[in-house]
Each structure stands twice: as C-alpha cells, then as structure tokens.
Amino acid sequence: MKSPYEVLGVPSTATAAEMQSAYRKLAKKLHPDLNPGDKAAEEKFKEVAAAYDLLGDADKRKRFDAGEIDASGAERPPRQNYYRDYAGGPAEHPYADASGYADFMDGDDMFADLLRRSQKARANRPGDDRHYHLEIGFADSIVGATRRITLPDGATLDVKIPPGLVSGQTIRLKGKGAPGFGTGGPGDALIEVEVLPDTRFARDGDDITIELPISLSEAVFGGCVRVPTATGAVTMAVPKGSNTGTTLRLKGKGAPKRGGGFGDQFVKLKVVLPSPPDPELEAFVSGWEKGKSFNPREEG
Amino acid sequence: MAMTREEFLKSSGLTVKVLELWIEQEWLAPEKTPSGLLFGEIDIARARLIGELQSGIGANEAGIDVILHLMDQLHGMRRALAELRREMGKAAV
C-alpha cells in the first residue's frame, strides 16, 4: 500500500499549503463529477481524498507521523452517489441542458433526425410514479375504509381501502403520481398498505381467528357470550360442556372472498378460572371424587 | 424521494443562508410547489459537489458557475449520446 504522502505525491516534509495545492491538483483531475465517463476515477479519487483527510488535518498528520494511527484509519466511508450518477441517468431532472448540442438538431441528416426524435420522446414522457406508505387497523382491513393522505406538496389524496385487504398490498391510483411532460400523462400513486397487528384478531387466509376467554360455569353449563368481530360484537352460543381449545365457527364473519362471499371467524375458547382462587370452588373440588381420578394426560 | 426544505437542510448540512444564496445563483433548482420547495436526491448530490468544488478544489463563485453550466451541458450530451446509441441499436435490428 502506498503511503498517503506517496498518494498525494509530496515529500514528508511538505507544508500544509503544499499539501493542499497537491490535493487540489489531483482532485481537479480525478473528481468523479469532473470525469463523468471514467468509472475508475471514483476509486482513485477516494484514495486521494482519504490521504488528504489524514494529512490535511494537522492533528491527524502529527499522530500519523508518530505512528499512532495508520493510513487505513483515514479511510472514508464509501460514498454512494456522485452528482454524475443522477445527472447522467435517464430520469428527467431540472438541470438537464441540451444547449451543448442544440445546433446538431437543426440539420436534415439522419443524425439530426435521431437527436430530434429522442428529444421529443423525452419531452412527452409520462410522469414518474410516486410511492407512499399507509398504516391501517385490523378492522379497517376487513371492512374497508377511506383514508386521506397528505402529499409532500400539501395536496391531499383520498385512498379507498378495499375490504379484505392483506398487509403489504399496494393500491394504485392512476394519474395521481408526478405530472407528465408534454403530452405524456401523469404517473400513478402507489400506496403500500400495512395492516397493524391486532391483539385480538389474527388473519388466516379469508378466515379470522380469535381466542375467547370463558368462565368455568360458561364452559360447564354453556350460555350466550359476546364475541368481538371485525364488524362489531355478536352474540354466540357456547354449547354445554365446552373446553379450552374448543373451536366454534361464526359463519360469514371473516374477510370477503375474492370470488364473492365471506370467510368465517373461528373462535377458540379458553377456560379461565377465577383469580384469586375461590374458596367455595376449592372446597367443592376437594370433595369431588371423580374429578380427582380424571387424568386428562391419559389417552382414553 | 422528495424532501421538504427542512429535510434537505438536515440532510445536506447547509445553512439556510447558504441554501438561499445557492438557489438565487441558480446553482440549485428545487421544485416549487404551493406548499414550499421540494428537493430530490439529485439536489443533495449537487449540493455536495458544490461544496467540494468550493472547499476541496478551491473554485470561486465564477468558477463554480462555469463548471456547473459546462457540466450540465456535458451530461445533456451524454444522455443524448446514450439515447442515440439505443436508437441506432433499434434501427440495426
């Protein structure tokens, strides 16, 4: 590896002013933006910039000369983009300037014709698509909703969220992107919708699953309980002798299906004993012989 | 993606005064919208380039004016060349 002095081409006795002048001379020659067609310029410029970073700073240079730090410590984080990466690309930008070759477009030869055609194609280019991100709650993802988003330019956009949307789905609003050029129409707005996780509901395809706590007496005797669904709470009959893990189905309470109709909501019951423990229940269980001999871990 | 003036100032590290000066000199040309200026990544890269021309290379105001103008013409020609090459490739098929 070359020493930073060698990279800049200066003796180790060079003054700060000599160092700066050496750097400027190299930077003028090697800066990637001053060499838009030279892919190797970036690497060479990085090396020079790193060397000057080290030696151009009096304190760092002293420590380097004393052997406290080495040249690798001066390496700059890799820079991602130079101006040339944007200005030279195919995307339209406000700094584009055709005056450097405008005179070539006047002729009637094939070359002028090609230039004029490409200029025209670019002049009537459709606008770019714009991307947005939107978060909605679980219930809205099932029944649908309308959300208003504010664009960077202050305008607003009403986004209709279709019922049954899945997290990560993208909604395309035609013509709501960046304005086009000439006769090219505007681009589209692409809105990626994220469904926020819900503490109660989970989605399984077109179906919805939920865990519902019930009391011991509801489990033993059955009864009517209120169950939340995406469209509001409904009453559901718990059959006599239900158990933890018993799954009941609420037909048509799931997400809308693609071909019409709805999925179901599956309600998984969970028997919950009173807390703190109830002395009356304890007294009953201690005198309940059959309960003591029943072993749910033994396969019948 | 598009940035507001505040986001651009934060991201570029420029002061308000320098930004206003550079826009006035037409070194930067952010999009003007009803709710204020809108900047892109190209503006960040351009601002960084101007900074390097100033402090790194030591170009003065007039120098930067000329460099930017010629550089944009050069990029315009490079784009035209790239498009020509594409058109000629199409014609050859």
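Just so we're on the same page: letters track the sequence lines, and every chain starts at 1. Just so it is clear, the structure is predicted and the values come from calculations on it, not from any experiment.
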Enumerate donor-acceptor pairs with a distance under 3.5 Å from any side-chain N or O in residues 160-176 of chain A to protein atoms, sequence neighbours excluded.
unit_1, atom_1, unit_2, atom_2, d
S167(A), OG, V195(A), N, 3.0
Q169(A), OE1, V166(A), N, 2.9
R172(A), NH1, D188(A), OD2, 2.5

On a heavy-atom basis, the closest approach of A29(B) and P94(A) is O-CG, 3.6 Å
Is the shortest side-chain heavy-atom distance between L49(B) and Y82(A) below 4.5 Å? no
Taking atom CD of E192(A) as the centre, does the number of heavy atoms from other residues, nucleotides or ligands within less than 6.0 Å exceed 12? yes
For P36(A) and H75(B), the nearest pair of non-hydrogen atoms, with its separation, is CB-CE1, 3.7 Å
Test item: side-chain donor near acceptor, Y83(A) and D72(B), under 3.5 Å: yes
Looking at every non-hydrogen atom in both residues, tell me the closest pair between R24(A) and Q54(B) and how far apart they are. NH2-O, 4.3 Å
Sequence neighbours excluded - salt bridge (charged side-chain N to carboxylate O under 4.0 Å, His left out) pairs with any residue from residues 12-28 of chain B: R5(B)-E20(B)
May I ask you to check whether over 12 heavy atoms, not counting those of F138(A), lie within 6.0 Å of atom CZ? yes
Is chain A contacted by the side chain of I67(B), its backbone, both, or neither, given a heavy-atom distance below 4.5 Å? side chain
Heavy-atom side-chain contact between L34(A) and M71(B) under 4.5 Å: yes
On a heavy-atom basis, which atom in H93(A) and which in R79(B) lie closest, and how many Å separate them? CD2-NH1, 3.4 Å
Please examine the side chains of D97(A) and M77(B), heavy atoms only from C-beta on, and report whether any two atoms are closer than 4.5 Å. no
Per-residue contact mode, R78(B) against chain A (heavy atom under 4.5 angstrom): side chain
Quick check on the interface: out of L28(B), T4(B), L74(B), who has the most heavy-atom pairs with chain A under 4.5 Å? L28(B)
What part of I44(B) gets closer than 4.5 Å to chain A, counting heavy atoms only: side chain, backbone, both or neither? neither
For K28(A) and I57(B), work out which heavy atoms get closest and say how close. CG-CG2, 3.5 Å
Please find the pair of heavy atoms, one from W27(B) and one from Y95(A), that lie closest to each other, and give the distance. O-CE2, 3.8 Å
